[in-house]
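Everything below concerns the one structure shown next.
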Amino acid sequence: MWKNGLIQSLKDPSLQVISSDIAVVIKDKYPKAKYHFLVLPKEDISSIFKLTRDHLPVLDELRLLATNVIEVSGEKEKNFKIGFHAIPSMTRLHLHVISKDFISPCLKTKKHWNSFTTKLFIDYDKLYEELEKTGSVKRIESTEAKDLENSPLKCNHCSFEAKTIPSLKDHLLSHLK
Ligand code: AMP
Ligand code: ZN
């Protein structure tokens, strides 16, 4: 099933960027920025909604590999977003490590954009804190999720609001140093 694509990729050594005993980093097959990695645990944890406090050490390891892969790419960590989709589509827990340029032909829809730039993206630290405090990760309300998916195309670097994806993409180029 398409939902299991990450599990297939995880097992393909040619797709692994770095790994440890606990987790693996792969390149996202449809990268939404110049750099887009996914960090997956080897343990069969299907999603953020299956996490308990017992998994905090696994999350620590995912975060460590995120730092490592950014280092290997020769980039600065401040230029990356590190976190989870509030509504994951693929199974096996995966941490997104994505560069903030968001310049990629695979970024095609409003839903793509808003999934990384609104509350539909949960920063690692925020999710970690929620799990530590409450022992689980709460699902976002479906009405709120729909609103967020359809919210205006706000630039992630400045106050610009684009009317269309092509104009957003043009605008993003202006932020490249
Ligand atoms: P999510 O919305 O958090 O479930 O994100 C799933 C991510 O997996 C997306 O960024 C996809 O581009 C990516 N993806 C889909 N299929 C594959 C695959 N077979 N191998 C690697 N990455 C994939
Ligand atoms: Zn801007």
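Keep in mind the model is a prediction, meaning the values are calculated, not measured. Atoms within each ligand, like the ligands themselves, are counted from 1 in listed order.
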E130/K126 ion pair, N-O < 4.0 Å: no

Option of least heavy-atom distance to atom 20 (N) of ligand 1 (set: P88, S9, S47): S9

Pick from M90, K3, K32: the one approaching atom 16 (N) of ligand 1 most closely through a non-hydrogen atom: M90

Would you mind running through ligand 1 and noting each atom that sits below 4.0 Å from a heavy atom of [X]?
X	value
H36	10 (O)
G5	19 (N)
H85	1 (P), 2 (O), 3 (O), 5 (O)

Students should be able to answer this: which protein heavy-atom is nearest to [atom], and at what distance?
atom	value
atom 10 (O) of ligand 1	D28 OD2, 2.5 Å
atom 23 (C) of ligand 1	L6 CD2, 3.5 Å
atom 22 (N) of ligand 1	K29 N, 3.1 Å
atom 4 (O) of ligand 1	S89 N, 2.8 Å

All pairs passing side-chain hydrogen bond (donor to acceptor under 3.5 Å, both in side chains) where residues 136-149 contributes a residue, at least two apart: K119-E144, K146-E149

Can you find a side-chain donor-acceptor pair between [X] and [Y] that sits under 3.5 Å?
X	Y	result
Y35	N79	no
H112	T109	yes
S20	E61	yes

[X] to [Y] - nearest heavy-atom pair and separation:
X	Y	result
L131	R53	O-CG, 3.5 Å
V137	F49	O-CD2, 3.5 Å
L93	P41	O-CD, 3.2 Å

Spacing of H175 atom NE2 and F102 atom CZ [to the nearest 0.5 Å]: 12.5 Å

Part of H94 with heavy atoms under 4.0 Å of ligand 1, whether side chain, backbone, both or neither: side chain

Region of L38 that comes within reach of ligand 1 [heavy atoms, distance under 4.0 Å]: side chain

Geometric class of the H96/H94 ring pair [parallel <30°, tilted 30-60°, perpendicular >60°]: perpendicular

Mutual orientation of the aromatic rings belonging to H36 and F116 [parallel < 30°, tilted 30-60°, perpendicular > 60°]: perpendicular

Sub-4.0 Å heavy-atom contact, Q8 with ligand 1: no

Residue and atom, protein N/O/S, under 2.8 Å of the Zn ion (ligand 2): C155 SG, C158 SG, H171 NE2, H175 NE2

Positive for side chain to side chain contact (heavy atoms under 4.5 Å, CB included) with L148, one of T117, I87, I140, N114: I140

